[in-house]
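Structure first, commentary second.
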Amino acid sequence: MTTRTADTSPLVRARVAGFLYLGLGLFGPFSLLYVPSTLIVRGDAATTAQNLMASESLFRLSIVSALLEAIVYIFVVLALYQLLKPVNKNMAWLMVIFVLLAVPIRMLNELNPLAVLLLLSGADYLKVFTADQLQALVMLFLDLHRHGILVASIFWGFWLLPFGLLVYKSGFLPRILGVLLIIACFGYLVNSLTHLLFPGYGAVVARLATVLYFGELPIVLWLLIKGVNVEQWEKRALESA
């Protein structure tokens, strides 16, 4: 009888991937949903500027949260690569590549909210601008940040396609989880492209896309609670060796 050590156990790999994936659910919604909905008032630059100055710590925390989310994404996809590479190594690498393309976009995009903080800092070199001009620039950089997220979301969608196909073909994870991931992929893509190409329909599509995003949740829970079918995983691993 052979003994599997914990560091090579597919169950451990699955639960580590699930735990890290769950971490995305802690950082992402805070920076992408809670803070913007709390501080930013669309069409009202003055109120938005006042909110940001009154809650600067919260706004800074959202920036740090976004950066941490991007870092965690790297560990998530590497953990999933270790779990899914027996299915198809090339497709698993494609999954990794899409995430590694999204991460720098996500991190560099946080320069926009940092620019907002500089504009509201009251520095002497900003005295050439009137209050209205500064508030307008604040909204400009906030809008650039929002559009940067849409660009990153294209890759957040693309990585779910090879991920979903790997899960579907794996044999050690339920096929329905792969189907839901592929549906979530198209949710991200449709939402991003609609906002970029047909912004007038963006709000309507976003509501539908939000529902599709939940296609990621079942795989997270499955990895954490059930893990994988160890016998089928080992069979795949032997076939790919």
Side-chain angles (χ1 to χ4, degrees), residues 6-35 62 65-88 91-103 106-107 149 152-192 206-230 232-233 236:
D7 61 338
T8 59
S9 167
L11 282 177
V12 170
R13 293 179 182 183
R15 289 188 172 123
V16 167
F19 178 77
L20 290 169
Y21 211 151
L22 184 64
L24 294 179
L26 301 177
F27 295 117
F30 178 76
S31 61
L32 294 173
L33 299 175
Y34 174 73
V35 173
S62 74
S65 178
L67 296 174
L68 288 174
E69 178 202 11
I71 293 169
V72 172
Y73 241 120
I74 297 173
F75 289 101
V76 169
V77 77
L78 291 178
L80 289 170
Y81 172 81
Q82 292 297 322
L83 185 68
L84 296 168
K85 66 180 180 180
V87 183
N88 186 306
M91 194 174 295
W93 268 117
L94 183 62
M95 176 181 69
V96 173
I97 289 169
F98 281 137
V99 169
L100 294 183
L101 288 171
V103 165
R106 179 72 166 117
M107 298 189 80
I149 291 170
S153 293
I154 294 173
F155 293 102
W156 291 346
F158 271 132
W159 90 283
L160 293 177
L161 182 58
F163 182 17
L165 291 172
L166 287 166
V167 170
Y168 185 84
K169 296 178 179 179
S170 68
F172 50 79
L173 288 165
R175 285 189 166 189
I176 185 60
L177 298 179
V179 173
L180 291 173
L181 286 169
I182 293 170
I183 291 173
C185 159
F186 287 104
Y188 279 101
L189 294 178
V190 169
N191 183 48
S192 294
R207 286 193 286 270
L208 173 61
T210 300
V211 176
L212 300 182
Y213 294 164
F214 282 99
E216 289 185 83
L217 181 60
I219 187 69
V220 178
L221 298 177
W222 190 274
L223 291 172
L224 279 171
I225 299 169
K226 299 289 290 185
V228 296
N229 184 316
V230 176
Q232 289 298 319
W233 188 92
R236 277 287 195 173

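Computed over heavy atoms, backbone and side chain alike; hydrogens, waters and symmetry mates excluded.
- Atoms CG and NZ, from Leu11 and Lys226 in turn, are 10.5 Å apart once rounded to the nearest 0.5 Å.
- The one candidate from Leu94, Leu83, Asn88 that meets the side chain to side chain contact (heavy atoms under 4.5 Å, CB included) condition with Leu166 is Asn88.
- Here the CG-CG distance, from Leu223 to Leu80, works out to 6.5 Å after rounding to the nearest 0.5 Å.
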Query - Verdict with supporting geometry, Val103 and Met107, side chain to side chain contact (heavy atoms under 4.5 Å, CB included) - result: CA-CA 6 Å; Val103 165; Met107 298 189 80; 3.9 Å; yes
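- Taking all atoms of both residues into account, the shortest heavy-atom contact from Glu69 to Ser31 is OE1-OG, 4.2 Å.
- For the pair Val77 and Val96, the tightest heavy-atom approach, listed with the atom from each and the gap, is CG2-CA, 3.6 Å.
- Residues Val87 and Phe172 are in side-chain contact: their nearest non-hydrogen atoms beyond the backbone lie under 4.5 Å apart.
- Checked against ring-ring contact (aromatic ring centres under 6.0 Å, His included), Tyr34 has the following partners two or more places apart in sequence or in another chain: Phe30.
- Scanning both residues, Gly187 and Ala209, for their nearest heavy atoms gives O-CB, 3.6 Å.
- In this structure, CG in Leu68 is found 11.0 Å from CG in Leu24, a value given to the nearest 0.5 Å.
- We find the CG-OH distance between Leu173 and Tyr168 to be 14.0 Å, quoted to the nearest 0.5 Å.
- The nearest pair of heavy atoms linking Arg13 to Gln82 is NH1-O, 3.4 Å.
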Side-chain donor-acceptor contacts of residues 153-164 below 3.5 Å, not counting sequence neighbours, with atom names and distances?
residue	atom	partner	partner atom	Å
Ser153	OG	Ile149	O	2.8
Trp159	NE1	Trp156	O	3.2

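- In this structure, CZ on Arg106 lies 8.0 Å from CG on Leu67, to the nearest 0.5 angstrom.
- Across every non-hydrogen atom of Pro10 and Val230, the tightest pair is CG-CG1, 3.9 Å.
- Between Val35 and Ser62, the shortest heavy-atom distance links the atoms CG2-CB, 3.6 Å.
- Of the inter-residue distances, the one linking Ile183 atom CD1 with Tyr188 atom OH reads 14.0 Å to the nearest 0.5 angstrom.
- Other residues, nucleotides and ligands contribute more than 12 heavy atoms inside 6.0 Å of the OH atom of Tyr213.
- Between the side chain of Arg15 and the main chain of Ile225, a donor-acceptor pair closer than 3.5 Å is present.
- Annotation: Tyr81, atom OH; neighbour count of heavy atoms from other residues, nucleotides and ligands within 6.0 Å is above 12.
- Under a 3.5 Å cut-off, the side chain of Arg236 and the backbone N or O of Ser170 do form a donor-acceptor pair.
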